[in-house]
Amino acid sequence: MDTSIKVLIVDDFATMRRILKNILKQIGFKNLLEADDGTTALEVLDRESVDLIISDWNMPKMTGLELLKSVRASDKFKRTPFLMVTAEAQKQNVIEAVQAGVSNYVVKPFTAEAISEKLEKILK
Amino acid sequence: MDVKLINPFINATSNVLETMAFVSVEAGAPYLKKDNVAKGDVTGVIGLTGVANGTISVTFQETCILDIVSNMFGEKMEELNSEIADAVGELTNMISGQARKELEELGKVFKAAIPTVVTGKNHSISHYTDGPRIAIPFFVGEGRFTIEVCFER
């Protein structure tokens with residue numbers, strides 16, 4: 001797994017961004033960007049070249065699902081790996097995310113091992 | 001209130017705290033809570049809609065939540081501040097999500113709002129309906145926190 005890539009973490013809770021950053025740093029990732037909702041994430045994506053997006057679902061202004069759809073509709077990021085990390089665990093949520101082109105899905109609460117395993121799968 | 005609505009929240013609370021904060025939690029006996037004064041110093045509240053409408057709250061004593069968030073972050077947290085409030089919001093969100101997943105397996109589908117957090121000694125907890133408030137105390141070592149589940153009659 002290439003840990004030199006640039007990762008964008010999107011979550012409205014600073015707590016979750018901090019936990020994910022800690023886990024990613026432990027794995028070896030160093031280039032970490034943050035956004036607190038989908039709208040801010042799109043602004044970051046406008047000016048940065050991002051290699052992996054990790055996003056929450058339930059956020060104000062623009063949800064993670066809306067962000068995923070926007071990303072998949074853009075030429076620049078339509079193939080960028082997108083990991084949804086969310087408390088939304090109902091079947092319909094997973095179906096909608098898969099239909100929108102999510103690369104993988106992690107349900108909160110999660111272990112560091114679960115995040116690492118999913119990243120291994122989508123970045124290999 | 002349908003008692004089948006209660007157990008998923010107890011299970012979710014244990015699962016979330018044990019997974020994210022690496023602590024062992026023990027649930028006490030549920031009881032009917034008569035007043036709206038919080039048992040803790042910081043509370044997360046989240047609204048649920050679906051087969052029934054209601055709210056759940058999770059209220060932590062100060063020392064308890066400081067220990068929990070210290071474990072989550074891997075660094076010592078010393079005081080109730082915006083970082084602690086944010087963490088309580090996210091814990092409430094995760095408990096809601098896990099419980100809704102279990103409820104879906106029972107054929108009861110709910111949607112959740114974005115949680116709000118209230119901090120301070122003896123603050124009030126506002127549930128959105130006037131149904132019975134079922135409180136469940138949890139014990140984490142010497143610390144204590146309480147969840148309240150309140151659905152419309």
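Just so it is clear: chains get the letters A, B, ... in the order the sequence lines come, proteins before strands, and each one is counted from 1. Everything quoted here is computed from the prediction, not taken from an experiment.
The existence of a salt bridge linking A:Lys108 and A:Asp56 is confirmed by a sub-4.0 Å separation between a basic side-chain nitrogen and an acidic carboxylate oxygen.
The cationic group of A:Arg18 lies under 6.0 Å from the six-membered ring centre of B:Phe73 and within 45° of the ring axis, placing it in a cation-pi geometry.
Side-chain contact between B:Val25 and B:Glu18 is present, with heavy atoms from C-beta onward closer than 4.5 Å.
Relative ring orientation between B:Phe151 and B:Phe9 is described as tilted, the plane-to-plane angle lying within the 30° to 60° band.
Listed by sequence position, the residues of residues 58-67 of chain B in contact with chain A number zero, using a 4.5 angstrom heavy-atom cutoff.
For a residue to count as touching a neighbouring chain, one of its non-hydrogen atoms must lie under 4.5 Å from one of that chain's; by this rule B:Ala12 does not touch chain A. Of the atoms belonging to B:Glu102, not a single heavy atom falls under 4.5 Å from chain A. Proximity to chain B is limited to the side chain of A:Asp11, based on heavy atoms less than 4.5 angstrom apart.
Of all the listed residues (B:Glu83, B:Met20, B:Glu105, B:Lys111), the one sharing the greatest number of non-hydrogen pairs under 4.5 Å with chain A is B:Met20. Of all the listed residues (A:Asn22, A:Ile19, A:Thr111, A:Val107), the one sharing the greatest number of non-hydrogen pairs under 4.5 Å with chain B is A:Ile19.
In the model, B:Ser96 has no side-chain atom that pairs as donor or acceptor with a side-chain atom of B:Asn93 under 3.5 Å. Checking A:Asn93 against A:Glu96 by side-chain atom types alone, no donor-acceptor pair falls below 3.5 Å.
Residues satisfying the side chain to side chain contact (heavy atoms under 4.5 Å, CB included) criterion with A:Asn31, sequence neighbours excluded, are A:Lys6.
A donor-acceptor distance shorter than 3.5 angstrom exists from the side chain of A:Thr15 to the backbone of B:Ala87, with no hydrogens or angles considered.
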